[in-house]
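Computed from a predicted model, the values in this text were never measured in an experiment.
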Amino acid sequence: MRAQSSAIDRTGIAVRTGAESPATTAAPSPAPADRRSGTLLAALGVTAFSLTFPATAWGLEGFGPWSLVTVRCVLAAVLAGGCLLALKIPRPARRHLPGLAVVAAGVVLGFPLLTTLALRSSTTAHAAVVVGLLPLTTALFSALRTGARPSRTFWVAACAGAAAVIGFTVQQSGGALTGADAYLFGALLICAAGYTEGGRLARVMPGWQVIGWALVLCLPLSVPGALLALSYEPVHLTAHGVAGLLWVAAGSQFLGLVVWYRGMASIGIPKASQLQLAQPLLTLVWSVLLLGERLTPAAPLTAAAVLVCIALTQRARG
């Protein structure tokens, strides 16, 4: 029998050590209290993410797309790096660096950049198509990367929820494909990879450290990128522009991902990902309240269908 040991990190979270890899070792089933807290944390992350597209639309009122993306990365990295320094967190182990690089490429740089470029010519309602497919894509990435094997009921409910959200968001945006769709589908794939890798790493280090170190790793790119972008793109400081920038930097890029990765570590990547089925609907609500966009009467029916699918995925085995 292989010897195993456990260690306690600086935040008091138990971490398994030994010969077995966390990527291939099956995680024990969480206790009911842990499941509830994990679901709540993941739901808080989804709520934070649902404001990303409207906040980005606000940010584009004052900043160019490249400036908005790079400055948000710098601000979020300063916030995360300050927390890491204040708590004297040691640097991550070398074996975790490839995973952190995937998180950085997918969540810190890739998804924000591609969606911001898309939102120059796309409404937030149309961009929500990306989020409608993201839960299913993340579950598929998780199955391939971590060996997770949810039940057939889970996959049926996940596909039904994705179909309901996509049908609604496409109908809401007029049903026409736009030139922004290439950016949106690219963002979908790279973000799903970043979510999956971050959720896997959050089982062996606190979720806030996962996104914190990913942000810090991007500083050699984001700082010169911000200086270059600001020198070429005009900046018009407005209340909306500044508020949008601050939210996507602190809320979407750091705090939202902190609770999201912690929730994924608690209840598993596939189940946490399906909570994002509610994100497009929340985004559309914010779009009505903050941007003046209009919803169709199909919204309540879609919301009810999505809630049923979410409940089924959370109760499904595996």
Side-chain angles (χ1 to χ4, degrees), residues 7-17 22 34 37-38 40-52 55-56 59 68-113 191 194-227 242-267 269 272:
I8 304 297
D9 68 9
R10 290 180 179 268
T11 62
I13 296 177
V15 178
R16 293 184 64 181
T17 59
D34 292 334
S37 63
L40 176 61
L41 289 171
L44 287 174
V46 169
T47 303
F49 300 154
S50 70
L51 276 162
T52 299
T56 299
L68 182 61
V69 171
T70 52
V71 172
R72 78 180 261 185
C73 289
V74 172
L75 292 178
V78 170
L79 177 61
C83 293
L84 292 168
L85 284 175
L87 295 176
K88 299 180 180 179
I89 303 299
R91 287 181 295 180
R94 182 174 297 180
R95 67 181 183 277
H96 297 322
L97 293 180
L100 289 171
V102 173
V103 175
V107 177
V108 177
L109 295 177
F111 186 80
L113 176 60
C191 186
Y195 278 173
T196 299
E197 202 64 23
R200 185 187 69 82
L201 287 172
R203 290 184 175 182
V204 295
M205 67 172 68
W208 76 271
Q209 292 182 27
V210 173
I211 186 58
W213 286 118
L215 285 164
V216 171
L217 285 176
C218 288
L219 279 175
L221 292 176
S222 59
V223 170
L227 295 175
V242 173
L245 171 63
L246 292 178
W247 177 258
V248 294
S252 303
Q253 194 77 79
F254 183 59
L255 298 177
L257 286 165
V258 168
V259 294
W260 173 242
Y261 281 139
R262 186 68 186 91
M264 292 181 88
S266 296
I267 64 176
I269 297 171

Yes or no on side-chain contact (heavy atoms from CB on, under 4.5 Å) for Q209 and C83, after CA distance, side-chain angles and deciding distance?
-> CA-CA 9 Å; Q209 292 182 27; C83 293; over 6 Å; no
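- Of all non-hydrogen atoms in C191 and V107, the two that sit nearest each other are O-CG2, 4.4 Å.
- For the atom pair CG of L201 and OH of Y261, the computed distance is 8.5 Å after rounding to the nearest 0.5 Å.
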Start with the C-alpha distance between R91 and W213, add both sets of side-chain angles, then the distance that settles side-chain contact (heavy atoms from CB on, under 4.5 Å), and finish with yes or no.
-> CA-CA 8 Å; R91 287 181 295 180; W213 286 118; 4.1 Å; yes
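- Between W247 and V242, the closest side-chain pair of non-hydrogen atoms is not below 4.5 Å.
- Classification of the W260-F49 ring pair by plane angle, with boundaries at 30° and 60°, yields perpendicular.
- Using a 4.5 Å cut-off on side-chain heavy atoms (C-beta onward), L257 and V210 make no contact.
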R200/T196 under side-chain hydrogen bond (donor to acceptor under 3.5 Å, both in side chains): CA gap, chis, key distance, verdict = CA-CA 6 Å; R200 185 187 69 82; T196 299; over 6 Å; no
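- Side chains of S252 and L51 form no contact here, defined as non-hydrogen atoms less than 4.5 Å apart.
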Under the side-chain contact (heavy atoms from CB on, under 4.5 Å) rule, what do L109 and C73 come out as? Steps first, then yes or no, please.
-> CA-CA 8 Å; L109 295 177; C73 289; 3.9 Å; yes
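- Checking each of L215, V223, L217 against L219 for a side chain to side chain contact (heavy atoms under 4.5 Å, CB included) leaves exactly one that passes, namely V223.
- The two atoms that bring G256 and A48 nearest to each other are CA-CB, 3.9 Å, heavy atoms only.
- Although no hydrogens or angles enter the test, the distance criterion places no donor-acceptor pair under 3.5 Å between the side chain of E197 and the main chain of G106.
- Paired with P112 under the rule side chain to side chain contact (heavy atoms under 4.5 Å, CB included), one option of V69, T70, T52, V248 passes, and it is V69.
- When every heavy atom of G38 is checked against every heavy atom of S266, the shortest pair comes out as CA-CB, 3.7 Å.
- Rounded to the nearest 0.5 angstrom, L245 CG and R72 CZ are separated by 9.0 Å.
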When you look at I89 and W208, which way does the side-chain contact (heavy atoms from CB on, under 4.5 Å) test go after all the steps?
-> CA-CA 11 Å; I89 303 299; W208 76 271; 3.7 Å; yes
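- Heavy-atom minimum distance, A214 versus A104: O-CB, 3.7 Å.
- For G207 against A202, the heavy-atom pair with the smallest separation is CA-CB, 4.3 Å.
- Distance check, rounded to the nearest 0.5 Å: CZ of R95 to CG of L100 gives 11.5 Å.
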